[in-house]
Amino acid sequence: MKISVLDQPLSREQVSQQLDRSGFVTGIVGIPLYQVIHKDFEAFLDVLSEALTRTDVLRDVHYQLVGCQPPDALLFRVTGDLNISLCWDVEAVNDSEQARDES
């Protein structure tokens, strides 16, 4: 079975398109082991949120380990609540996207 892994976090537009009726977004992200090995639980959830949405505002995060990607990435299916009207910091996301595009 082929797993579709995000190669970068979802853009604001992609998130808007993928939100379900409850305001949840889901995706499969690859996280290098070194990014999570010494994190506490809340920091781990922030890593997952940032890998999926470029922000740490994802709430009610659920995750499932679905595989690995050599040499050292763990693949997680991540689902979380992203209530855009309350949580999405548009200015911070736009700044982040602009900085990424400039690099």
Side-chain angles (χ1 to χ4, degrees):
M1 175 170 77
K2 176 110 168 102
I3 297 176
S4 179
V5 180
L6 295 173
D7 58 354
Q8 62 183 355
L10 297 171
S11 68
R12 181 169 187 231
E13 293 77 26
Q14 290 171 315
V15 167
S16 296
Q17 293 169 356
Q18 293 188 22
L19 284 177
D20 67 15
R21 291 181 185 188
S22 300
F24 281 73
V25 63
T26 299
I28 297 178
V29 298
I31 306 291
L33 186 58
Y34 73 86
Q35 286 187 356
V36 297
I37 196 85
H38 294 290
K39 303 277 186 194
D40 64 26
F41 186 65
E42 289 300 318
F44 170 67
L45 294 178
D46 287 345
V47 168
L48 295 177
S49 176
E50 290 169 5
L52 183 60
T53 67
R54 287 191 175 93
T55 70
D56 63 358
V57 299
L58 202 60
R59 300 294 174 244
D60 196 16
V61 177
H62 300 270
Y63 62 91
Q64 177 183 14
L65 183 64
V66 294
C68 61
Q69 193 173 49
D72 69 346
L74 301 174
L75 302 180
F76 293 95
R77 179 184 326 275
V78 180
T79 301
D81 182 6
L82 184 63
N83 186 333
I84 291 178
S85 64
L86 296 176
C87 298
W88 195 278
D89 184 345
V90 175
E91 186 174 317
V93 171
N94 288 339
D95 290 346
S96 174
E97 288 178 349
Q98 182 178 4
R100 184 195 76 241
D101 291 342
E102 290 173 357
S103 61

Original post:
Which pair of heavy atoms, one from Arg77 and one from Ile28, lies closest together, and at what distance?
Top reply: NH1-CD1, 3.7 Å
Original post:
To the nearest 0.5 Å, what is the distance between OG (Ser11) and CD (Gln17)?
Top reply: 7.0 Å
Original post:
Which atom pair, heavy atoms only, marks the closest approach of Leu58 to Val61?
Top reply: O-CG2, 3.6 Å
**OP:** Check for a donor-acceptor pair, side chain of Gln35 on one end and backbone N or O of Pro32 on the other, with a separation under 3.5 Å.
**Re:** no
Subject >> Which atom of Gln14 lies closest to which atom of Leu10, heavy atoms considered >> reply: OE1-CA, 3.3 Å
**OP:** Go through the structure and list residues passing side-chain hydrogen bond (donor to acceptor under 3.5 Å, both in side chains) with Ser49, not counting sequence neighbours.
**Re:** none
Subject >> Minimum heavy-atom distance between Leu19 and Leu82, given as atom pair plus value >> reply: CD2-O, 4.0 Å
Subject >> Value rounded to 0.5 Å, distance of NE2 in His62 from CG in Leu48 >> reply: 12.5 Å
**OP:** Provide the full list of ring pair (Phe, Tyr, Trp, His ring centres under 6.0 Å) pairs with a residue in residues 4-46, sequence neighbours left out, each pair given once.
**Re:** Phe44-Tyr63, Phe44-Phe76
Original post:
Do Arg54 and Arg12 have side-chain heavy atoms sitting under 4.5 Å apart?
Top reply: no
Original post:
Once you round to the nearest 0.5 Å, how far does NZ of Lys39 lie from CG of Leu45?
Top reply: 12.0 Å
Subject >> Spacing of Asp56 atom CG and Asp46 atom CG [to the nearest 0.5 Å] >> reply: 5.0 Å
**OP:** Please round to the nearest 0.5 Å and tell me the distance separating atom CG of Asp72 and atom CD1 of Ile31.
**Re:** 11.0 Å
Subject >> Over all atoms of both residues, closest heavy-atom pair of Val29 and Val5 >> reply: C-CG1, 4.1 Å
